[in-house]
Protein chains: 2
Amino acid sequence: MLDDTWPRPLYQTIKDYVLDHIDSGKWKSGTRIPSESEIVKTLGASRMTVNRAIRELSVEGHVKRIQGVGTFVAEPKPKATLFEIRSIGDEIAARGSKHSSGIILQQSEPAIDAVADALDMEPGALVFHVYMVHCEDGHPIQIEDRYVNPAAAPDFLEEDFTKVTPSDHLLALLPVTEIEHTISSRLADEDECELLDISASEPCLELCRRSWSGSRTVTHVRLLNPGSKYNVGGRFKVTDTHNS
Amino acid sequence: MLDDTWPRPLYQTIKDYVLDHIDSGKWKSGTRIPSESEIVKTLGASRMTVNRAIRELSVEGHVKRIQGVGTFVAEPKPKATLFEIRSIGDEIAARGSKHSSGIILQQSEPAIDAVADALDMEPGALVFHVYMVHCEDGHPIQIEDRYVNPAAAPDFLEEDFTKVTPSDHLLALLPVTEIEHTISSRLADEDECELLDISASEPCLELCRRSWSGSRTVTHVRLLNPGSKYNVGGRFKVTDTHNS
DNA sequence: TGACTATACATGTATATACAAGCAGAATAT
DNA sequence: ATATTCTGCTTGTATATACATGTATAGTCA
């Protein structure tokens, strides 16, 4: 929403001046905009004030700056809404329910091709694998099928995942810097139906996530949830997507 | 990821100084941090440099500033990943396919209670309602059931939604400032199965969204997609959620 | 003609100084 | 006891000046 307070700070006026030129098409993507000293002359502001305005536009993704070269109009980026990352334990606790879990499998194993691809590892390389069920107040609510890159979390398999979720373990260890996720709907297979205690016809929500910490792929997880018991969502401000 | 370039700019050193105190627990949420002039004395920097550092921490959501009062440690916010908002037409075009649509219903009607609630309107007030199917290369892929607040888009019903999607129409008209969305999985009912040309046992992905423009609720839409043909996802940097 | 150097211009960072605006609390007046 | 004013401290904004760093281009020399 436009900020209509008046008088506008000069740095905001400078931002608007640049944005007006960009939004109106006068300065197209890739165009070098006037230098700071040119804008100083044009708008009669100080260089520090101009620098603050342009720097903020840069952080916001409207322009791209290159020291010694200039300032260029950035490619417009798609609008995005934020999606909260939460651990299943936190979600359940937030509902006032009690989380518990059962470990079906927790081992080191040679990665099959799909898993190796997902973790950017060599096929056959050893990966950590956890297969488990999360329960809310004793009722199964989610199957977690997770593979972890041992290099990223060497002690992962030592953890007791009935006491701390794999997600919490990894988040405590490494900053997540990038996530890829896919949300889809499918039916559970026979084993999954049994683990989740649902009928074969119940639709399920599947969330697939890959996470990176810096340049390293950390984990690949598939979370399967009965559609009648689980949804994903939230309410957030809309922002422009841009890479930090 | 920490920026390890050296020497660090002084404003970054100041940011790190504050973040170290916050992350270590020395300054808990709600604590007033030292004033700018106190930090000037402590770190031997100029007030403009300190101001820049603290202002950036404020924009990033780590601290909250109140003019004339002070700077306070903000509540930690959950990590979030960005979710791209796209029109179904754009999604289909991005796959190199052709989008088309069929309008089942497009009318003004009194809002039932659930719709009125969703749009923050009085029950029985007139709302615009569009019920339609989106197709990709002739195959139905999504049912769109949308209600729009007439005050936000008075000319909405005049649009030909076989030529422009309701989403594109609204986006062209109003800036979206806030979105609430829920993704869930359910089975389609008999009518929906027929419209989507799917069997009764096919699991479906349902996306519900409410959108605001400023303080006004603009639209409430439910999008139903066969699980075999549709998923939602993307890959983004992780960021802290914070309100702009 | 190519390599090297110098120059100009760009952004990046920093300081000193000043004034504006907001807020909380102390001091004063009624 | 209450209202008003004043003071001190805080953040917000702005300018002038300076130096650092990066890049592109022109000029010079072998």
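All chains are named by letter (A, B, ...) in the order of the sequence lines, taking the proteins before the strands, and each is independently numbered beginning at 1.
Partners of A/Pro123 by side-chain contact (heavy atoms from CB on, under 4.5 Å), not counting sequence neighbours, listed by chain and number: A/Asp113, A/Ala116. With sequence neighbours left out, B/Phe128 forms a side-chain contact (heavy atoms from CB on, under 4.5 Å) with B/Ser108, B/Val148, B/Pro150, B/Phe156, B/Leu157. For A/Glu159, the side-chain contact (heavy atoms from CB on, under 4.5 Å) partners at least two apart in sequence or on another chain are A/Phe161, A/Val164, A/His169.
Within 4.0 Å of B/Ile66, counting heavy atoms only, lie sugar-phosphate atoms of the nucleic acid but no base atom.
Distance, A/Gln12 CD to D/dG12 P: 14 Å, rounded to whole Å. In this structure, the CZ atom of A/Arg8 is 17 Å from the P atom of D/dG12, given to the nearest Å. Atoms CD1 (A/Ile14) and C1' (D/dT13) sit 11 Å apart, rounded to a whole Å.
Under a cut-off of 6.0 angstrom, the local environment of CD in B/Glu122 is sparse, with at most 12 non-hydrogen atoms contributed by other residues, nucleotides or ligands.
Contacts between residues 46-53 of chain A and DNA chain C, defined by a heavy-atom separation under 4.0 Å, are made by A/Arg47, A/Met48, A/Asn51. Of the residues in residues 30-39 of chain A, those lying under 4.0 Å from DNA chain C by heavy-atom distance are A/Arg32, A/Ser35, A/Glu36, A/Ser37.
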Please evaluate residues B/Ile54 and B/Ile39 with respect to the criterion side chain to side chain contact (heavy atoms under 4.5 Å, CB included), reporting the C-alpha separation (whole Å), side-chain torsions for both, the decisive distance (0.1 Å), and the verdict. CA-CA 10 Å; B/Ile54 310 299; B/Ile39 297 178; 4.0 Å; yes
What's the verdict on salt bridge (Lys or Arg N to Asp or Glu O under 4.0 Å) for A/Arg55 and A/Glu36, showing C-alpha distance, side-chain angles and the deciding distance? CA-CA 11 Å; A/Arg55 187 164 17 89; A/Glu36 287 180 10; over 6 Å; no
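Take the nearest nucleotide of DNA chain C for A/Thr71 and for B/Val69: the residue whose nucleotide is more 5' is A/Thr71.
Between the side chains of B/Thr217 and B/Arg210, no donor-acceptor pair of N or O atoms lies under 3.5 Å.
Distance check: B/Leu10 CG to B/Leu43 CG gives 7.5 Å after rounding to the nearest 0.5 Å.
Note on B/Arg65: a side-chain N or O is less than 4.0 Å away from OP1 or OP2 of D/dG12.
Taking 4.0 Å as the cutoff to heavy atoms of chain B, we find the contact window on DNA chain C bounded by C/dT13 to C/dC23.
In this structure the side chain of A/Thr31 never reaches within 4.5 angstrom of the side chain of A/Lys26, judged on heavy atoms.
Between B/His220 and B/Tyr147, the ring-plane angle classifies as parallel under the 30° and 60° cut-offs.
Side chain of A/Ser35 to backbone of A/Glu38: a donor-acceptor contact under 3.5 angstrom is found.
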